[in-house]
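If you're wondering where the values come from, they're calculated on a predicted model, not measured in any experiment. When reading the values below, keep in mind they use all heavy atoms of this one structure, side chains included, and skip hydrogens, waters and symmetry mates. Quick note on labels: first sequence line is chain A, next is B, and so on, each numbered from 1.
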There are 2 protein chains.
Amino acid sequence: MLSTVPSTPPLTETAVLAALAPEGGRPGGATDVSDTAVRIMLAAADAFAEHGFPATTTRDIASRAGLSPAGVYVHFASKEVLLFEISRRGHARARDLLVEAARDAASPTEALRAIVGGFSRWHAEHHQLGRIVQFEFRHLSPEHRAEVIELRKDIDGVVADVLRAGVESGELDVDDVPATALALLSMAIDVARWYVPGGRRTPEAIERTYGDLAVRLAHGRG
Amino acid sequence: MLSTVPSTPPLTETAVLAALAPEGGRPGGATDVSDTAVRIMLAAADAFAEHGFPATTTRDIASRAGLSPAGVYVHFASKEVLLFEISRRGHARARDLLVEAARDAASPTEALRAIVGGFSRWHAEHHQLGRIVQFEFRHLSPEHRAEVIELRKDIDGVVADVLRAGVESGELDVDDVPATALALLSMAIDVARWYVPGGRRTPEAIERTYGDLAVRLAHGRG
DNA sequence: GTCTATATATGGATAGAC
DNA sequence: GTCTATCCATATATAGAC
């Protein structure tokens, strides 16, 4: 639960750029955006994570990006579109992370450790982006929400698939696969809510701890 | 993660009244409030849970409570005070629930099952209130936040105490007590984010599942 | 204690110059 | 593509009658 107030420092570009920058080099999927647009997204992500979407003003976003309020609208049609772009890229990046981790693992047990640990670490390292992805979802327009939902289904699916594979191979023992997948995702997602950058737990430690907990939970009676 | 949009129906009075109504009969601790004040708190809790604190208008609250906008200010000095009252009562109720469940259990294992299962069920049954307690925290004033933080520390403490008692008695096997306590709380808290009233999982099923998962997690290698 | 009416501020978004 | 200036809607909270 953690009883401290998360004091969110400005996003360092290095920490988040990778998740918001255009999906470089992928044939077909590349939506090219200008440097200024990326700068605005970084500024907005910072502000949304700190105050939430409704409490963030376009003036605040513009000011953080070093622009006038009107300057933002050259690159994004509305505040909501800005939220959507950040949210879409964040979801896609999180999904890619999980898919790759699951694919590269040697066994279902190691896949489980890798995806839950990695997803938890991601929600620590990118906790501002994680908060937007997980907690500002409802402020998207119905159309944009529908698009993001597809990405969320993929994410659910990766975890459930790994659990099912482990149960089939006999490596894992899970009573209720969907419920366990959901609980494991909850553990990782909630990291974005309580994580504080300078705190005792580092993203690396969180990865180890949560990866271990996931394996423990799914091995069970043994 | 759950990919659906939580459609939050109006709070039924029966579902939440118990958590917002004055702490009846307790000597000294009773802050008496009028029926109208309770009605306003119910209306505000409904609106806050649906749209979040900043996106909720006082007009919406007043309208749901059957009052004019001005009528609200007779009972609460500001929208933030209203959030604080709801938040304080919600936290206190959740804490009391945990303390009682831990106290009444026959063993650390059963205490663990009861508190994690009960806390999870609470976040389903009172998911509107749970969302406010867990996700609107940052919108409290610094003074009010400080007061709520004390209640949050109590909640953390109950879980950690049960785990420690189990480890000491040899019933439970936990590597890192604070980290495990945090992860278990995360599982339960996150229920408030994804729970949908008419969905497949009932509060009772959630209680069972999450209680079992907690015991599994803390028994480990056995 | 509730209302109508409104003061006052603030926000999202646009117009039009450069 | 960026700016200054501003429109217009909406929000919190208050004044004052009943």
Check: For A/D35, does the CG atom have more than 12 heavy-atom neighbours from other residues, nucleotides or ligands under 6.0 Å away?
Finding: no

Check: To 10°, what angle do the rotation axes through the five end pairs on each side of the helix from C/dG1-D/dC18 to C/dC18-D/dG1 form?
Finding: 0°

Note to self: Within the 4.0 Å heavy-atom criterion, would you say A/T57 contacts the bases, only the backbone, or no part of the nucleic acid?
What the structure shows: sugar-phosphate

Checklist line | Rounded interatomic separation in angstrom, taking CD from B/E80 and C1' from D/dA11 | finding: 17 Å

Check: Is the A/F119 ring parallel, tilted or perpendicular to the A/H123 ring (thresholds 30°, 60°)?
Finding: perpendicular

Note to self: Can you confirm if the NZ or CZ of B/R152 lies within 45° of the ring axis of B/F137 and under 6.0 Å from the centre of its six-membered ring?
What the structure shows: yes

Item checked: CA sep, side-chain torsions, deciding dist, call: A/R64, A/E50, salt bridge (Lys or Arg N to Asp or Glu O under 4.0 Å) -> CA-CA 13 Å; A/R64 289 179 199 242; A/E50 190 173 335; 3.2 Å; yes

Margin query: Output the rounded distance in Å from CG (B/L67) to P (D/dA13).
Written below: 16 Å

Next item on the list: Anything under 4.0 Å to a heavy atom of chain A counts; send over the first and last such nucleotide of DNA chain C, read 5' to 3'.
Entry: C/dG11 to C/dA15

Check: Ion pair present between B/E85 and B/R89, side-chain N to carboxylate O less than 4.0 angstrom?
Finding: yes

Next item on the list: Take atom OH of B/Y73 and atom P of D/dT14, then tell me their distance rounded to the nearest Å.
Entry: 7 Å

Note to self: Return whichever of B/S78 or A/G66 has its heavy-atom-nearest nucleotide of DNA chain D closer to the 5' end.
What the structure shows: A/G66

Margin query: Can a side-chain donor-acceptor contact be found between B/E80 and B/H139 if the only test is distance below 3.5 angstrom?
Written below: no

Next item on the list: Nearest 0.5 Å please: distance from the CZ atom of A/F48 over to the CD atom of A/Q128.
Entry: 13.5 Å

Notebook entry, point to check: Under the side chain to side chain contact (heavy atoms under 4.5 Å, CB included) test, which residues partner A/V74, sequence neighbours left out?
Noted result: none

